[in-house]
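For reference, the structure discussed in these notes is given below.
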Amino acid sequence: ENCTVGLKEVVMLHIEKAEYCSDYKIKVFFNDGLVGIADFEKTINNDSLFLVQQLKDINLFKEFNVKLHTIVWTNGLDFAPEFIKSCIEK
């Protein structure tokens, strides 16, 4: 009797590339093929965490890189790719 179960490969969501657009918006390229504009303005205005509040300085907001499969700002802040995906303008 065959007791094997088909396994579905689970692919972790990664950010492959990110480009500053305008205001608090970043164009994000995900490994699942999605490309979209993530708007962080609501997060920056509503989150009281100090590292997030620092991003109100637009010059600091523009200083990011893609590291470890997500966006990382120079002040050390990063968000999970899943959260960034939830910030994509619909």
- Could you walk me through whether F50 and L77 pass side chain to side chain contact (heavy atoms under 4.5 Å, CB included), step by step? CA-CA 10 Å; F50 179 68; L77 180 70; over 6 Å; no
- Decide side chain to side chain contact (heavy atoms under 4.5 Å, CB included) for K85 and L34; before the verdict, give the C-alpha distance in whole Å, the side-chain angles of both, and the deciding distance to 0.1 Å. CA-CA 9 Å; K85 194 172 190 177; L34 177 71; 3.5 Å; yes
- Task: Apply the test side chain to side chain contact (heavy atoms under 4.5 Å, CB included) to residues T70 and I15: give CA-CA distance (whole Å), side-chain angles for both, the deciding distance (0.1 Å), then the verdict.
- Result: CA-CA 5 Å; T70 194; I15 292 174; 4.0 Å; yes
- Message: Please evaluate residues K42 and D47 with respect to the criterion salt bridge (charged side-chain N to carboxylate O under 4.0 Å, His left out), reporting the C-alpha separation (whole Å), side-chain torsions for both, the decisive distance (0.1 Å), and the verdict.
- Response: CA-CA 8 Å; K42 194 180 294 182; D47 194 316; over 6 Å; no
- Message: Could you walk me through whether F29 and V66 satisfy the side chain to side chain contact (heavy atoms under 4.5 Å, CB included) test, starting with their C-alpha distance in whole Å, then the side-chain angles of each, then the deciding distance to 0.1 Å, before giving a yes or no?
- Response: CA-CA 10 Å; F29 300 77; V66 174; over 6 Å; no
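Residues V35 and K27 are in side-chain contact: their nearest non-hydrogen atoms beyond the backbone lie under 4.5 Å apart. Annotation: side chain of F83 is not in contact with side chain of D78 (no heavy-atom distance under 4.5 Å). Counting heavy atoms from C-beta on, the side chains of I26 and F61 come closer than 4.5 Å. Inter-residue side-chain proximity for I71 and N65 is flagged as unmet; no heavy-atom pair is nearer than 4.5 Å. Looking at heavy atoms from C-beta onward, F30 lies in side-chain contact with I88 at the 4.5 angstrom threshold.
N31 and E16 are not linked by any side-chain donor-acceptor pair at a separation below 3.5 angstrom, with hydrogens and angles left out of the test.
The distance from atom CD1 of I37 to atom OG of S22, rounded to the nearest 0.5 Å, is 8.0 Å. In this structure, CD in E63 is found 11.0 Å from CD1 in I58, a value given to the nearest 0.5 Å. The distance from atom CG of D32 to atom CE of M12, rounded to the nearest 0.5 Å, is 12.5 Å.
Closest approach of Q54 and L60 over heavy atoms only: O-CD2, 3.4 Å. Residues Y24 and K56 come closest through the heavy atom pair OH-O, 2.5 Å. Nearest approach of H69 to P81, heavy atoms of both residues: O-CG, 3.4 Å. L13 and E82 make their closest contact through CB-OE2, 3.7 Å (heavy atoms, listed as atom of the first residue, atom of the second, distance).
Heavy-atom neighbours of L68 CG from other residues, nucleotides or ligands within 6.0 Å: at or below the threshold of 12.
Partner of C87 under the side chain to side chain contact (heavy atoms under 4.5 Å, CB included) criterion, chosen from V28, T43, D39: T43.
Using a 30° and 60° split on the angle between ring planes, W73 and F40 fall in the perpendicular class, above 60°.
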